[in-house]
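Atoms considered below: every heavy atom in the structure, side chains included; atoms not considered: hydrogens, waters and symmetry mates. Note that ligands are numbered from 1 as they come in the structure, with each ligand's atoms numbered from 1 the same way.
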Amino acid sequence: MTSTPLTITTPAGSYPILVGPGLLAELPARLDALGLRGALWLISDSKVYPRYGAAVEGPLRDAGYKVQSRAVPAGEASKNLAVVSACYDWMIGGGVERRDAVLALGGGVVGDLAGFVAATVLRAVAFVQLPTTLLAMVDSALGGKTGVNHPLGTNLIGAFHQPRLVLSDTATLETLPPRELRAGWAEVIKHGIIRDAGLFDQLEVMSSEFKVMSFELPESIKTQNSKLKTQNLAEIIRRAAKVKVDVVNADEREAGERMLLNYGHTLGHALEAASGYGVLRHGEAVAIGMDLAGRVAERLGMWSADSVERQRRLLRAYGLPTAIPAEIDPAALLELTLHDKKVRAGRVRWVLPTAIGAATVRDDVPEALVRDVVGG
Ligand SMILES: NC(=O)c1ccc[n+]([C@@H]2O[C@H](COP(=O)([O-])OP(=O)(O)OC[C@H]3O[C@@H](n4cnc5c(N)ncnc54)[C@H](O)[C@@H]3O)[C@@H](O)[C@H]2O)c1
Ligand SMILES: [Zn+2]
């Protein structure tokens, strides 16, 4: 057992979050310790399952578990009710019982989808997250939000269903495409800004120790730099995950604290919509959104020019964009931001940094100021 688990505590109970290389090998013992001894329904995707399916199933079967597996097509398009329904057919047709558990092996898409299936089949069965993307390890696998998209919008159908265990085997990141890895770094950097200055510092140190513009962890960790071993990557991921864990522990169902996780997302979501979904990776849009939000905070006198610069440098060091792509019309971007359907009572709620390591929510940011920063 590698490190002390992080723990999320909710009214429904507590669960451990483990981060480290090679942890998938511990899965059978972990499930047994949680009293999960029923049949296991493994949901993965067409890219992850061929790589890691056998490594998960083998030890489980050796330990006496009955495991059945299903790989949905990789990608956001699988997050829909038709795929959920096909999972129900598979599980109900296969005789799923209340004591069984659903395992999600993959990124945020698989986690959200499988979590929703687990939340709803037989009015909920146990759920275990086995995240394989950086984004899922530090963000989507934590906190119990599950769900799918609707043709009219993303994540509009869902349920809160906490996992019983989150096991992040950081060795799986070795095969994650570099662009996906970079998108995950955006959320890691976000966590540093909103709540953990020490994490931000560590990320800066790491970036200076690398040939940063070709930043492709963890390959570079293993081959180019002997100081930073895979274990260090696990420590960073664990630390970034802890930010989400702390926020979720403070506030399970949104409202205050949890809103801070939306730093960079107000403009980020607008950028994703303005560029056409799928053009920018979510993390790339968030990186640009953080740069803009940082500048909004600077204009309001809440954040220093030096902090804006440090954030920008760090985002770039991790291969992330910070400028609005030329093909996006700033006016359209503003329209999407300021007149978003989710805006409550006509006010945009901005998460703005007050220091490196602290942020606050403001709903009184003048439209003209935002217009000025965005350039519309
Ligand atoms: N529930 C939440 O709180 C929450 C929070 C943030 C995001 N999300 C959701 O997460 C989703 C995005 O998650 P994501 O960025 O992980 O995307 P993803 O699940 O689509 O994974 C990205 C790509 O990487 C591939 N992949 C995953 N792991 C791999 C590995 N180890 N090796 C090789 N390839 C691998 C996948 O097949 C996919 O093609 C979105 O749907 C978003 O709405 C949910
Ligand atoms: Zn995000």
task = Please report how many protein N/O/S atoms lie under 2.8 Å from the Zn ion (ligand 2).
result = 3

query = Applying a heavy-atom distance cut-off of 4.0 Å, which protein residues contact ligand 1?
reply = D45, K47, V48, R51, Y52, A74, E76, K79, G107, G108, V109, D112, T132, T133, L135, D139, S140, K145, N155, T172, T175, L176, P177, E180, K244, R281

note = Sorted by chain and residue number, the ring-ring contact (aromatic ring centres under 6.0 Å, His included) partners of W303 (sequence neighbours excluded) come out as none

Least distance between heavy atoms, S168 atom then P131 atom = OG-CG, 3.2 Å

key: Modelled atom types, side-chain donor and acceptor of T9 and S14, under 3.5 Å   = yes

ask   = Is V348 reachable from M302 through a run of hydrophobic residues whose side-chain heavy atoms are each under 4.5 Å from the next?
value = yes

note = On a heavy-atom basis, the closest approach of R239 and Q202 is NH1-OE1, 2.9 Å

task = Return yes if a side-chain donor-acceptor contact under 3.5 Å exists between T175 and Y52, otherwise no.
result = yes

inquiry  = Under the rule for side-chain hydrogen bond (donor to acceptor under 3.5 Å, both in side chains), what residues qualify as partners of D89, not counting sequence neighbours?
reply    = none

key: Backbone N/O of L261 and side chain of K190: donor-acceptor pair under 3.5 Å   = yes

query = Minimum heavy-atom separation for G22 to D169, with atom names?
reply = N-OD1, 2.7 Å

